[in-house]
Amino acid sequence: MNDYLKQILTDTLKTFDLDESVWPEIQVEKPRDPSHGDAATNLAMMLAKPLRNNPRKIAEELVDKLNYDPRKISAVDIAGPGFINFRFSENYLFDALSDILKEGENFGRSDEDAGKRILVEFVSANPTGPLTVGHGRNAVLGDTIARLFEWTGASVEREYYFNNAGRQMRVLGQSVQARYLQELGRDAEFPEGGYEGEYIRDIAHKLVEEHGDSLAEEADESVFKEKAESEIFRDIRQTLERMGIKMDSFFNEHELYENGAIDDVIRTLRDKELAYDHDGAIWFKTTQFGKDKDTVLVKSTGEPTYRLPDIAYHGNKLDRNYDLCIDVFGADHIDTYPDVLNGIKALGYDESKVDVLVYQFVSIVKDGKPYKMSTRKANFVTLDELMDEVGSDVTRFFFLMRSPSTHLEFDIAQAKEAGEKNPVFYLQYAHARIQSILRKVDEVAELTGSADLTQLTHESEIRLIKAMLEFPDMIQSAAQSKEPHRVINFLNSLASDFTTFYHDCRILGEDEKLMHARATLANAVAQVLANGLGILGISAPDRM
RNA sequence: GCGCCCGUAGCUCAAUUGGAUAGAGCAACUGCCUUCUAAGCAGUAGGUUACAGGUUCGAGUCCUGUCGGGCGUACCA
């Protein structure tokens with residue numbers, strides 16, 4: 001419809017004495033206030049300057065010359081400072097409603113990004129412990145953005161990047177080793193800054209069961225580290241699966257050392273005089289990109305900092321020919337990704353193909369008080385514990401309901417509350433309620449063929465149809481802006497429109513023609529709710 | 001000190017990317033179950049969008065400054 005409006009406005013614009021080069025971009029949007037119509041354009045206001053005329057006068061001329069199809073548009077009028085408002089004809093709305101049902105579970109999909117290959121990298125937690133509520137926002141945002149782009153037609157892959165080498169992991173191995181020896185009743189000193197969580201004891205216990213005391217004389221921690229890694233990764237995968245997240249690949253940083261990518265990065269940066277030696281370390285000239293200081297790429301110990309493999313990793317991703325690589329990062333990485341972008345640009349890649357979603361941190365409220373988490377100190381709430389309490393639907397919903405750019409306050413008590421305080425149920429309830437009605441309709445009547453939709457005349461019926469029509473555009477803008485919470489806002493509003501309809505209009509007990517039309521409408525609403533919940537990875541139950 | 005993000009109703013947050021009278025949920029108050037699920041609906045109250053300027057037909061949204069909060073500012077990841 002928007003395309004149609006833009007088209008007829010463009011046609012009208014051609015009749016004006018105005019060079020095409022100064023034409024404003026034609027914008028059509030839905031007015032906030034429904035009394036202003038179904039669509040509006042600010043074109044007359046945009047033309048005020050080039051035409052040197054009063055916007056309302058221009059609007060009058062535009063409307064006068066506008067040639068529109070009355071089967072689609074029932075009224076056009078001018079309001080406010082010069083807005084032109086359009087009202088959709090009912091005929092158009094009814095056609096659109098039957099299209100929704102025809103498209104069914106595909107309603108809302110588009111080919112906006114058809115043919116594009118997109119890689120979403122997310123979670124990417126090193127295997128030092130179970131996934132916590134802190135990781136949850138990353139995991140659910142990444143997965144949902146991937147789903148959104150699947151709906152806009154892209155071919156999407158999900159990747160988990162990790163590093164199983166380095167100091168963190170050594171300390172992890174030492175922690176397990178210490179617990180193993182303690183389990184055998186021997187003296188063992190727990191490492192400084194070791195991982196104190198209960199899961200470390202569980203891993204140690206498993207080692208005792210599998211190997212008895214045969215590992216007691218191991219000189220270093222590597223056996224323990226490997227066991228810890230495989231156990232923790234198994235847990236992580238299970239947790240993700242429980243949340244409906246399936247990774248297509250796990251990328252080990254180690255690969256970048258083996259295939260020489262790391263060395264290549266250093267060599268190229270040196271060639272371009274963007275890297276140099278100083279104090280035994282190798283530095284990246286980030287001052288050239290406007291930073292205060294240069295940045296260390298390789299420490300004097302010979303160990304690279306994480307930036308270097310990050311640059312190599314992004315180069316690797318772009319080598320795999322993705323059209324777009326999306327990274328999902330917490331706010332603590334906000335300062336590091338410009339280095340990565342500058343790095344890959346210096347290597348000759350197109351950095352515009354890397355897109356970073358930075359989300360703000362989750363703060364936990366537990367027992368009404370803020371709760372500070374640390375994996376190492378084992379003050380954390382794991383995602384599994386959370387899902388034990390509230391299930392995956394509520395978990396996903398809470399992480400998605402806020403804009404990524406604002407802090408998310410996760411109130412464990414509120415999430416646990418299965419009742420009215422919990423907003424996810426509102427959506428599921430609307431869906432279940434419709435299914436229940438449709439079951440009853442089936443019992444009382446044998447409805448065949450297509451309904452006579454002209455029976456739908458009530459204000460709340462018309463509003464529902466209009467609301468559903470916005471679904472496809474909403475998905476596109478949610479994907480493009482990487483803001484899944486827009487889907488939730490939309491569904492909340494749709495569910496609310498439905499319950500208004502539910503209270504205004506009965507389905508059962510009306511004559512068969514009207515019942516058929518309303519059942520059709522309700523069916524479409526259920527379909528759109530189910531599609532939207534599907535994008536969010538949340539179930540749409542048939543009964544509650 | 002410097003960089004990035006944020007500041008909207010008592011609380012948690014929206015606001016169609018610069019549009020018309022800033023909206024929801026929770027909490028408070030008033031009504032509504034003899035009809036399809038009351039996990040619901042209708043209504044009342046609650047605001048100088050932190051503050052001060054600026055840009056323009058038009059600003060919660062953009063620019064500058066001030067105040068307040070978060071994160072970063074490592075040869076940690």
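Everything quoted here is computed from the prediction, not taken from an experiment. In what follows, chains carry the letters A, B, and so on, assigned in the order in which the sequence lines appear, proteins first and then strands, with residues in each chain numbered from 1.
Ring centroid separation for the pair A:Phe498 and A:Phe501 comes in under the 6.0 Å cut-off. Between A:Tyr4 and A:Phe86, the distance separating the two ring centers is not shorter than 6.0 angstrom.
Between the side chain of A:Tyr306 and the base of B:A77, a donor-acceptor pair under 3.5 Å is found. In terms of polar N and O atoms assigned as donor or acceptor, the side chain of A:Asp332 never comes within less than 3.5 Å of the base of B:G72 in a complementary pairing. Between the base of B:U17 and the side chain of A:Ser481 there is a donor-acceptor pair shorter than 3.5 Å. Between the side chain of A:Thr301 and the base of B:C75, no donor-acceptor pair under 3.5 Å is found. Residue-to-nucleotide contacts include no donor-acceptor pair under 3.5 Å from the side chain of A:Arg439 to the base of B:U37.
Within the nucleic acid shown, A:Lys30 comes within 4.0 Å of at least one base atom, counting heavy atoms only. A:Asn489 comes within 4.0 angstrom of the backbone, heavy atoms only, and of no base. As judged by a 4.0 angstrom heavy-atom cut-off over every strand, A:Tyr502 is placed among the base-contacting residues. Contacts of A:Pro55 with the nucleic acid, taken as non-hydrogen atoms under 4.0 Å apart, are absent. Heavy atoms of A:Ser405 sit under 4.0 angstrom from primed sugar atoms or phosphate atoms, though from no base atom. Residue-level contact check: A:Thr500 touches the backbone only, with heavy atoms under 4.0 Å from sugar-phosphate atoms and none from bases. At a threshold of 4.0 angstrom between heavy atoms, the contacts of A:Asp279 include nucleobase atoms, whether or not backbone atoms are also involved. Using a 4.0 Å heavy-atom criterion, one finds that A:Asn85 contacts the bases of the nucleic acid, with or without backbone contacts as well. When heavy atoms are screened at a 4.0 angstrom cut-off, A:Ser436 is found touching base atoms of the nucleic acid. Counting non-hydrogen atoms under 4.0 angstrom, A:Ala331 reaches the backbone sugars and phosphates but no base. Base engagement by A:Ala79 is indicated by at least one non-hydrogen atom pair under 4.0 Å involving a base atom.
Judged by the 6.0 Å distance and 45° axis criteria, A:Arg307 is not positioned over the aromatic ring of A:Phe284.
Pairing of B:G58, defined by two Watson-Crick or G-U wobble distances under 3.5 Å, is not identified with any nucleotide. Pairing for B:A9 is absent, judged as Watson-Crick or G-U wobble with the two contacts each under 3.5 Å. In a base pair of the Watson-Crick type (N1 to N3 plus N6-O4 or O6-N4) or a G-U wobble (N1-O2 and O6-N3), with each distance short of 3.5 Å, B:A42 is matched with B:U30. The partner of B:G65 is B:C51, by the rule that a Watson-Crick or G-U pair needs both atom distances under 3.5 Å. Pair assignment for B:A14 gives none, since no Watson-Crick or G-U wobble pairing has each distance under 3.5 Å. Pairing for B:G1 goes to B:U73, judged as Watson-Crick or G-U wobble with the two contacts each under 3.5 Å.
For the residue pair A:Asn531 / A:Gln527, a side-chain donor-acceptor distance below 3.5 Å is found, with atom types taken as modelled. Side-chain contact check for A:Thr128 and A:Asn126: no donor-acceptor pair (N or O, by modelled atom type) lies under 3.5 Å.
Atom CZ of A:Arg402 is separated from atom P of B:G7 by 13 Å (rounded to the nearest Å). Per the geometry, NZ belonging to A:Lys299 stands 6 Å off C1' belonging to B:C75, to the nearest Å.
When each of B:A20, B:C75, B:U37 is scored by its nearest atom to the side-chain atoms of A:Ala281, the top-ranked nucleotide is B:C75.
Each of A:Ser403 and A:Thr305 has a nearest nucleotide on RNA chain B; the 5'-most of these lies closest to A:Ser403. The residue among A:Gln360 and A:Gly80 whose nearest nucleotide of RNA chain B lies closer to the 5′ end is A:Gln360.
Note on ring orientation: taking the six-membered ring where Trp is involved, the planes of A:Phe250 and A:Phe233 are perpendicular (angle over 60°, cut-offs 30° and 60°).
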